[in-house]
Amino acid sequence: NGMDDSREGAEPIARNGPRPVPTDAAADWLVCTDASRFGWGYFAHNRATGEIRSHGAPWSQHMEATYGDRLGASTFAEPHGVTNSLLHLIAPTAQRQRVRVATDNTATRWAFDKGFSSHVLHFNQCIGRLRELLPNVDLEMAYIAGADNPADRPSRGGSYTAVEQAEAASSLRRLLG
């Protein structure tokens, strides 16, 4: 038919196989992620241990040099923010882990929930990187309104006081379970 089926980015879709169906068990981690032109960040709560973590960082020199102003577009930055956040937060282990991740970007939420994007290569690259480096992590994606997202502050270089962190953790548990 003259169509070139070898287009870059089609491989993850063609290889898309069965995904584990999450059980009704509670997620091990509740995580909110965010990305801004400054960088990426997350706010997380481990339900079993009560541990609260918050982290943010500017985009790496490599990301800045490679992508520049594209990092200011949420549809580009948010999937990279999710990937960077999870790779920073979650230690690879042979034990299965369930992680509920909330983002304020609906395109990122739906692509990561499906496990691929039929339209956007960089979504597939981010999802593929997580699958490769965290193969025993089952993601459950959720939406969180930007105004309610406790990851906004760390994604812009800010931090929390102990009191603010406890309040944000309470809000996170209420919003994500």
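The basis for the numbers below is simple: all heavy atoms, side chains too, and nothing from hydrogens, waters or symmetry mates.
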Checklist line | Inter- and intrachain pairs under ring pair (Phe, Tyr, Trp, His ring centres under 6.0 Å), touching residues 88-109, at least two apart | finding: Tyr42-His88, His55-His88
Which atom pairs, one a donor and one an acceptor, fall under 3.5 Å between side chains of residues 168-177 and the rest of the protein, sequence neighbours left out?
| residue | atom | partner | partner atom | Å |
| --- | --- | --- | --- | --- |
| Ser171 | OG | Arg174 | NH2 | 3.4 |

Compare all side-chain heavy atoms of [X] with those of [Y] and state whether any distance is below 4.5 angstrom.
X	Y	result
Ile144	Pro150	yes
Leu130	Leu86	yes
Thr83	Phe112	yes
Asn136	Gln95	no

Margin query: Going by the rule salt bridge (charged side-chain N to carboxylate O under 4.0 Å, His left out), which residues pair with Glu51 if we only count those two or more places apart in sequence or in a different chain?
Written below: Arg53
Next item on the list: Using the test salt bridge (charged side-chain N to carboxylate O under 4.0 Å, His left out), find all partners of Asp152 that sit at least two apart in sequence or belong to another chain.
Entry: Arg156
List the atom of [X], the atom of [Y], and the distance in Å for their closest heavy-atom pair.
X	Y	value
Arg47	Ala27	CD-O, 2.8 Å
Pro135	Arg96	O-NH1, 3.6 Å
Phe43	Ile52	CZ-CG2, 3.6 Å

Counterpart residues, side chain to side chain donor-acceptor pair (under 3.5 Å), relative to [X] (two or more places apart):
X	result
Gln97	none
Asp148	none
Ser85	none
Arg109	none

Check: In this structure, which one of Ile90, Thr93, Asp28 forms a side-chain contact (heavy atoms from CB on, under 4.5 Å) with Val137?
Finding: Ile90
Next item on the list: Using ring-ring contact (aromatic ring centres under 6.0 Å, His included) as the criterion, list what pairs up with Tyr67, not counting sequence neighbours.
Entry: Phe76, His80
Next item on the list: Could you list who else is in Val120's hydrophobic cluster, with ILVMFWY side chains joined at under 4.5 Å, directly or through other members?
Entry: Phe123
For residues 29-38, which side-chain N or O atoms pair as donor and acceptor with protein atoms under 3.5 Å away, sequence neighbours left out?
| residue | atom | partner | partner atom | Å |
| --- | --- | --- | --- | --- |
| Asp34 | OD2 | Ser155 | OG | 3.1 |
| Ser36 | OG | Phe38 | N | 3.1 |
| Ser36 | OG | Gly39 | N | 3.3 |
| Ser36 | OG | Ser155 | O | 2.8 |
| Arg37 | NH1 | Glu64 | OE1 | 3.4 |
| Arg37 | NH1 | Glu64 | OE2 | 3.0 |
| Arg37 | NH2 | Glu64 | OE1 | 3.0 |
| Arg37 | NH2 | Gly68 | O | 3.4 |

Atom pair [atom1]/[atom2] of [X] and [Y] - distance to nearest 0.5 Å:
X	Y	atom1	atom2	answer
His119	Leu121	NE2	CG	13.5 Å
Thr108	Glu78	OG1	CD	5.5 Å
Trp59	Arg70	CH2	CZ	12.0 Å
Leu89	Asn46	CG	CG	8.5 Å

Item checked: Side chain Asn124, main chain Ser117, donor-acceptor under 3.5 Å -> yes
Item checked: side chain to side chain contact (heavy atoms under 4.5 Å, CB included) partners of Leu133, counting only residues at least two apart -> Leu87, Arg129
